Amino acid sequence: MNSPDSSTAPAHFIRTRIAREVAEGLHDRVVTRFPPEPNGYLHIGHAKSIVLNFAMADEFNGYTNLRFDDTNPAREEQRFIDSIKTDVAWLGYRWKNECYASDYFEILYGYALHLIDRELAYVDEQDADTIREQRGTLTEPGSNSPYRTRSASENRKLFEGMRAGEFPDGAMVLRARIDMAAPNINLRDPVLYRIRREHHHRTGDDWCIYPSYDFAHGQSDAIEHITHSLCTLEFEDHRPLYDWLIEHLPVPSRPVQIEFSRLNMDFTVMSKRRLTRLVDEDYVAGWDDPRMPTLAGLRRRGFTPESIRAFCTEIGVTKSESVIPFGVLERNLRDDLNVRAPRRMAVLKPLKVVLTNFPAGETEWVSVANHPQDPSRGSRDVPITREIFIEQDDFMEEAPKKFFRLKPGGEVRLRNAFIIRCDEMVRNNEGEIIELRCSFDETSRSGLPGAERKVKGTIHWVSAEHAITAEVRLYDRLFKVPHPGGDKAADFVDHLNPESLEILQDARIEPGLENAAADDFYQFERLGYFVPDPDFSRARPVFNRAVTLRDTWARLEAQLASGRS
RNA sequence: UGGGACGUCGCCAAGUUGGUUAAGGCACGGGGUUUUGAUCCCCGCAUUCGCAGGUUCGAGUCCUGCCGUCCCAGCCA
């Protein structure tokens with residue numbers, strides 16, 4: 001098994017079709033491929049394709065190849081190959097073979113000769129503009145190139161010359177001879193090879209001609225004995241060409257192409273072109289910026305491979321275009337981490353509280369469960385002292401009726417400790433509250449009978465003396481609007497959310513958290529799930545908030561606010 | 001005014017050869033448990049399948065005609 005999450009997955013048209021084919025004995029195993037072009041980082045949309053491809057092969061006794069579609073050396077780079085391999089592996093998948101379309105250049109060249117010899121391809125010496133004009137339009141047929149009827153021997157000589165470097169870039173192309181009047185524009189003598197003197201990241205300067213996607217992809221599938229070539233909807237129109245080439249070439253197998261709709265999510269962009277721009281123009285800190293929908297970004301943000309796989313399974317596979325709310329991805333992370341993440345306490349925006357009846361200089365250790373739903377995960381002792389920090393948001397001077405946290409004269413429970421009452425507020429010269437003076441109820445300590453006493457709210461806290469100062473980075477959606485790419489009138493970067501990143505320099509975390517390891521994750525109780533950033537060090541802990549907890553109060557508060565106005 | 005595809009609850013999405021009460025998840029609403037306003041647990045949530053006709057004892061599933069949305073005119077993938 002090369003992919004996790006063995007199948008309990010729901011039916012979708014591809015799985016149903018393959019299952020039928022297998023039942024009919026058409027295949028004894030299913031072989032798929034994940035075929036990225038190494039010109040950028042993988043994003044969550046690719047994850048959908050990866051999960052699908054590996055799942056189909058895995059469920060039907062086969063395997064998946066990782067194949068780099070590297071037929072355009074002008075934009076492909078080794079560093080992208082590296083990142084893609086890292087990301088696929090991180091997602092939890094093991095490909096059978098690491099393949100490159102460029103490994104097949106010699107075979108592909110032979111296939112081109114095969115077409116030429118059968119008068120199914122010809123060398124066209126017209127320039128790109130002329131070819132475009134002759135292609136016709138969506139509603140008008142194209143017209144034939146004057147070079148279309150050249151002899152096979154002349155075409156062969158020219159094509160060999162192309163390979164030998166006898167002609168300058170752009171001087172001529174090899175075209176399939178199909179039908180310039182075809183209603184499907186892809187069949188109007190598509191370009192199969194072009195001359196391009198570009199250094200290729202793998203083949204170096206061995207070639208100055210490169211096959212087009214259409215000529216390379218299907219044949220690569222066939223060479224690898226791929227049974228099902230799964231791709232996105234925009235290639236639907238290419239399928240007749242895909243099939244035409246397979247039919248007319250002496251390929252070792254006959255793969256079929258099946259298309260499904262690509263993943264769209266709101267409040268983000270998914271096209272490589274746009275993601276590249278965000279990086280190149282420094283709108284984000286890099287491909288792995290935690291606000292990016294890239295796998296590298298999601299990983300740094302704190303997403304687990306499990307949550308991403310679950311998400312990809314949950315959204316299904318169809319041919320209808322859909323937009324998935326970003327919150328669905330986030331909920332999958334919560335669902336995963338809720339079960340797995342150990343709980344800790346941390347205060348993001350500290351407000352000092354002095355427990356007036358707690359002896360100065362003393363430290364009391366309270367036992368705290370690492371996971372309230374899972375006693376087997378044990379507990380730890382957390383120090384509490386006369387001075388503590390609580391969350392600024394957990395105190396309101398003038399609180400609405402439904403505010404269950406601390407307010408003047410009110411009581412609240414300190415999680416895992418005892419009940420306190422707010423007796424007094426201390427203000428600075430500006431009148432801002434900078435400290436609370438509270439008294440605690442000794443009899444309400446956790447474990448004592450008095451702990452049964454009910455108060456409405458429970459808040460988290462850290463000992464001022466023991467807590468460790470940390471940086472915490474909070475992330476919000478990258479864009480302000482649901483469909484930043486859908487605005488024809490504006491540049492998508494105009495819709496960037498200026499508040500997508502908030503850095504808190506003065507958070508206080510429970511002692512022990514400074515020893516967090518790179519791949520740890522925690523629930524900071526009542527706040528959300530947090531992971532150490534790569535910038536993390538013992539001396540300067542840095543945590544990323546991967547996702548907040550579901551926050552019913554925030555929703556209520558928003559309703560109250562809007563209802564009041 | 002070419003070709004290809006899609007249109008089932010706010011968002012996804014199941015729906016065998018037409019057979020009759022239109023899965024499920026998310027979101028949402030209500031209730032319960034709770035020292036995380038979290039989690040968890042109950043309950044509710046499409047007389048209706050883009051629209052209009054038609055065939056049929058019976059249609060989301062078949063036919064016809066509309067409407068809407070997406071993709072295609074790179075020597076990109």
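Quick caveat: nothing in here was measured; it's all calculated off a predicted structure. Labels below follow one simple rule: chain letters A, B, ... track the order of the sequence lines, proteins then strands, and each chain is numbered from 1. Heavy-atom basis, side chains included; hydrogens, waters and symmetry copies ignored.
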ask   = What distance, rounded to whole Å, do you find between the two C1' atoms, one in rC45(B) and one in rG25(B)?
value = 14 Å

ask   = Is Asp336(A) salt-bridged to Arg340(A), going by a charged N under 4.0 Å from an acidic O?
value = yes

task = Describe the nucleic acid contact of Val173(A) in one word from base, sugar-phosphate, nothing, applying a heavy-atom distance below 4.0 Å.
result = base

message = Using a 4.0 Å heavy-atom cut-off, does Thr137(A) contact any base of the nucleic acid, only the sugar-phosphate backbone, or nothing at all?
response = base

request  = Could you measure between the two P atoms, the one in rA77(B) and the one in rA73(B), and give it in whole Å?
outcome  = 13 Å

task = Tell me what Ser261(A) touches on the nucleic acid: a base, only sugar-phosphate, or nothing, going by heavy atoms under 4.0 Å.
result = nothing

message = Under 4.0 Å from a heavy atom of chain A: give me the 5'-most and 3'-most nucleotides of RNA chain B that qualify.
response = rG2(B) to rA77(B)

message = Work out how far the P atom of rU16(B) is from that of rC62(B), and round it to whole angstrom.
response = 10 Å

query = When all nucleic acid strands are considered with a 4.0 Å heavy-atom cut-off, which category describes Arg550(A): base, sugar-phosphate, or nothing?
reply = sugar-phosphate

query = Starting at the 5' end of RNA chain B, which residue's closest nucleotide do you reach first, Thr458(A) or Ile315(A)?
reply = Ile315(A)

inquiry  = Regarding Arg75(A), tell me which of base, sugar-phosphate or nothing describes its non-hydrogen contacts under 4.0 Å with the strands shown.
reply    = base

ask   = Taking RNA chain B as the partner, which of residues 328-342 of chain A come within under 4.0 angstrom of it by heavy atom?
value = Arg331(A), Asn338(A)

request  = Identify all stems in which RNA chain B takes part, counting only runs of at least 3 consecutive pairs (Watson-Crick or G-U wobble, each distance under 3.5 Å), and give each as one range with another, ordered by first number.
outcome  = B:2-7 with B:67-72, B:10-12 with B:24-26, B:28-32 with B:40-44, B:50-54 with B:62-66

request  = Using a 90° cut-off around 0 for syn, call rG15(B) syn or anti.
outcome  = anti

key: Gly485(A) backbone acceptor or donor facing His483(A) side chain under 3.5 Å   = no

inquiry  = Need one value for His238(A): base, sugar-phosphate or nothing, where a base atom within 4.0 Å counts as base even if backbone is also close, heavy atoms only.
reply    = base

request  = Rounded to whole angstrom, note down the C1' distance from rG15(B) over to rA22(B).
outcome  = 8 Å

ask   = Looking for any heavy atom pair under 4.0 Å, which part of the strands does Asn416(A) touch: base, sugar-phosphate only, or nothing?
value = base

query = How about Asn39(A) and Glu76(A): does a side-chain donor come under 3.5 Å of a side-chain acceptor?
reply = no

ask   = Distance only, no hydrogens: is a donor on one side chain within 3.5 Å (strictly under) of an acceptor on the other, for Arg343(A) and Asn370(A)?
value = no

inquiry  = Under a 4.0 Å threshold between the charged nitrogen and the carboxylate oxygen, would Arg175(A) count as salt-bridged to Asp124(A)?
reply    = yes

Salt-bridge criterion met for Arg477(A) and Asp266(A) (N-O under 4.0 Å) = no

message = Give me the distance, rounded to whole Å, that separates rA13(B) from rU17(B) when you measure between the C1' atoms they each carry.
response = 23 Å

inquiry  = Tell me whether Asp393(A) is salt-bridged to Arg405(A), with the criterion being a basic N under 4.0 Å from an acidic carboxylate O.
reply    = no

query = Do you see a donor-acceptor pair shorter than 3.5 Å between the side chains of Gln126(A) and Gln134(A)?
reply = yes

request  = Describe the nucleic acid contact of Val455(A) in one word from base, sugar-phosphate, nothing, applying a heavy-atom distance below 4.0 Å.
outcome  = nothing

request  = Pick the C1' atom in rU61(B) and in rG19(B), then give their distance to the nearest Å.
outcome  = 11 Å

inquiry  = By the 4.0 Å heavy-atom rule, please label Glu140(A) as base, sugar-phosphate, or nothing.
reply    = nothing

query = Parallel, tilted or perpendicular: which fits the ring planes of Phe479(A) and Phe492(A), with parallel below 30° and perpendicular above 60°?
reply = tilted

ask   = If we ignore angles and hydrogens, is there a donor and acceptor under 3.5 Å between the side chains of Gln257(A) and Glu259(A)?
value = yes

task = Select base, sugar-phosphate, or nothing to describe what Pro36(A) touches, counting heavy atoms under 4.0 Å on all strands.
result = nothing

inquiry  = Which is more 5' along RNA chain B, the nucleotide nearest Arg196(A) or the one nearest Arg239(A)? Just name the residue.
reply    = Arg239(A)

ask   = Is there a donor in the side chain of Glu140(A) and an acceptor in the side chain of Thr137(A), or the other way round, less than 3.5 Å apart?
value = yes

task = Could you check whether Lys402(A) gets within reach of a base, just the sugar-phosphate, or nothing at all, counting any heavy atom under 4.0 Å?
result = base

query = With a non-hydrogen cut-off below 4.0 angstrom, is Val368(A) in contact with a base, only sugar-phosphate, or nothing?
reply = nothing

task = Could you tell me whether Ala182(A) contacts a base, only the sugar-phosphate backbone, or nothing, with contacts defined as non-hydrogen atoms closer than 4.0 Å?
result = nothing

message = Taking the C1' atom in each of rA14(B) and rG60(B), what is the distance between them to the nearest angstrom?
response = 12 Å

query = Hey, are Glu391(A) and Arg526(A) close enough for a salt bridge, meaning a charged N less than 4.0 Å from a carboxylate O?
reply = no

ask   = If the C1' atom of rC28(B) is compared with that of rC9(B), how far apart are they to the nearest Å?
value = 12 Å

query = Do Arg163(A)'s NZ or CZ and the ring of Tyr109(A) fall within the cation-pi criteria of under 6.0 Å and 45°?
reply = yes

request  = Would you mind classifying the nucleic acid contact of Glu236(A) as base, sugar-phosphate or nothing, using non-hydrogen atoms under 4.0 angstrom?
outcome  = sugar-phosphate

message = If only side-chain N and O atoms count, and only distance matters, is there a donor-acceptor pair under 3.5 Å linking Tyr213(A) with Glu37(A)?
response = no

